[in-house]
Amino acid sequence: ISTASQLFPPAPTFSEASLLSLYQKVYINTGATSGVAGVGCALANILYNLHATVYIGAHPLEKFNVTVEALKKAFPKSKGALKPFVADMADLSTTKPAVESFLKEELCLDILFLNQIHIGSRSRTRGELSITFILTMLLLPLMQTRASHFCHPNPSSAESGIENFMQSKADVYFLTHEFANRTQTSSKSEQANQSAHTSSNSNSTGVQHIAVN
């Protein structure tokens with residue numbers, strides 16, 4: 001990527017216009033309740049407009065209701081569904097109940113978008129990153145049923161000191177590395193059986209890529 005393209009980004013070659021209907025696809029977006037702006041909100045707009053089932057991370061639940069009202073008003077013809085994923089990425093006690101509630105409703109998960117990370121103190125940031133790692137491991141069995149899709153830990157940042165921001169990126173790298181090690185180790189005994197059900201460019205866990213921005 002050149003410096004010029006970073007300063008003056010060209011028009012995207014892939015956008016929501018490139019996507020087909022996402023009807024009956026299931027997504028979790030942990031950070032879409034920050035108002036009308038932000039990556040999480042833009043992502044929720046795209047998914048819901050394409051008729052997907054979108055679980056929106058919200059804590060407390062009132063934030064979810066505000067977001068749902070805005071999305072339904074913006075896309076009245078959508079055949080998708082909006083459901084709450086009531087988890088606070090800064091509070092570990094909310095993680096397991098949110099996952100258990102999700103498992104009662106869904107049999108699979110196409111993509112998990114982890115973007116509810118607030119860059120504050122170093123201890124708080126690391127705590128949130130640890131919770132997102134735990135959340136990913138709890139939902140991994142469902143994501144493994146969707147071999148042709150991606151899992152996207154994609155933390156966005158608030159305005160803060162550059163030191164804490166860069167520290168968070170380093171932490172994400174180490175957690176992603178640990179995630180890869182654990183999934184590769186746990187899948188060795190089943191690799192032969194799974195290879196018959198996975199696409200040629202997928203890994204043995206059935207998840208093609210981990211994208212970290």
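Since the structure is predicted, the reported quantities are computational estimates derived from the model, not experimental observations.
Of the inter-residue distances, the one linking Glu106 atom CD with Ser101 atom OG reads 10.0 Å to the nearest 0.5 angstrom. Rounding to the nearest 0.5 Å gives a distance of 7.0 Å between OG1 of Thr95 and CG of Asp91. One distance of note links SG of Cys41 with CD1 of Ile56; it measures 8.5 Å at 0.5 Å rounding. Distance check, rounded to the nearest 0.5 Å: CG of Leu47 to CD1 of Ile111 gives 7.5 Å. To the nearest 0.5 Å, atom NZ of residue Lys79 and atom CG of residue Leu22 are 13.5 Å apart. Taking CG of Leu71 as the reference point, atom CG of Leu82 lies at 5.5 Å (rounded to 0.5 Å).
For Tyr55 and Tyr27, the gap between ring centers reaches or exceeds 6.0 Å.
Between Ser78 and Asn49 there is no side-chain heavy-atom pair separated by less than 4.5 Å. Contact of the Val68 side chain with the Lys83 side chain is not registered, since no non-hydrogen atoms from C-beta on lie closer than 4.5 Å. Side-chain atoms of Leu112 and Leu142, non-hydrogen and from C-beta on, never get closer than 4.5 Å to each other. Contact annotation: the side chain of Tyr48 approaches that of Lys72 to within less than 4.5 Å [non-hydrogen atoms, C-beta and beyond].
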task: For side chain to side chain contact (heavy atoms under 4.5 Å, CB included), just list the numbers for Phe102 and Leu109, CA-CA rounded to whole Å, side-chain angles, deciding distance to a tenth of an Å, and then say yes or no.
output: CA-CA 10 Å; Phe102 178 83; Leu109 173 61; 3.9 Å; yes
field: Residues Asn45, Phe75; criterion side chain to side chain contact (heavy atoms under 4.5 Å, CB included); working and verdict
entry: CA-CA 8 Å; Asn45 288 342; Phe75 307 105; 3.8 Å; yes
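Linking ILVMFWY residues whenever their side-chain heavy atoms come closer than 4.5 Å, directly or via other members, places Leu103 and Leu92 in the same cluster.
Minimum interatomic distance between Ala98 and Val86 (heavy atoms only, all atoms of both residues): CB-O, 3.5 Å. Minimum heavy-atom separation, Phe85 to Ile28: CE1-CD1, 3.9 Å. Closest approach of Asn29 to Val54, counting heavy atoms only: CB-CG1, 4.4 Å. The heavy-atom pair separating Ile131 from Ala90 by the smallest distance is CD1-C, 3.7 Å. Closest approach of Met143 and Thr136 over heavy atoms only: CE-O, 3.9 Å. Smallest separation of non-hydrogen atoms from Ser5 and Pro10: O-CD, 4.1 Å.
For His51 (side chain) and Tyr23 (main-chain N/O), no donor-acceptor pair under 3.5 Å exists by modelled atom type. Formation of a donor-acceptor pair under 3.5 Å by the Thr132 side chain with backbone atoms of Leu114 is not found in this model.
Within a 6.0 Å sphere centred on CZ of Phe14, other residues, nucleotides and ligands contribute more than 12 heavy atoms. Residue Leu7 places its CG atom among more than 12 non-hydrogen atoms of other residues, nucleotides or ligands, all under 6.0 Å distant.
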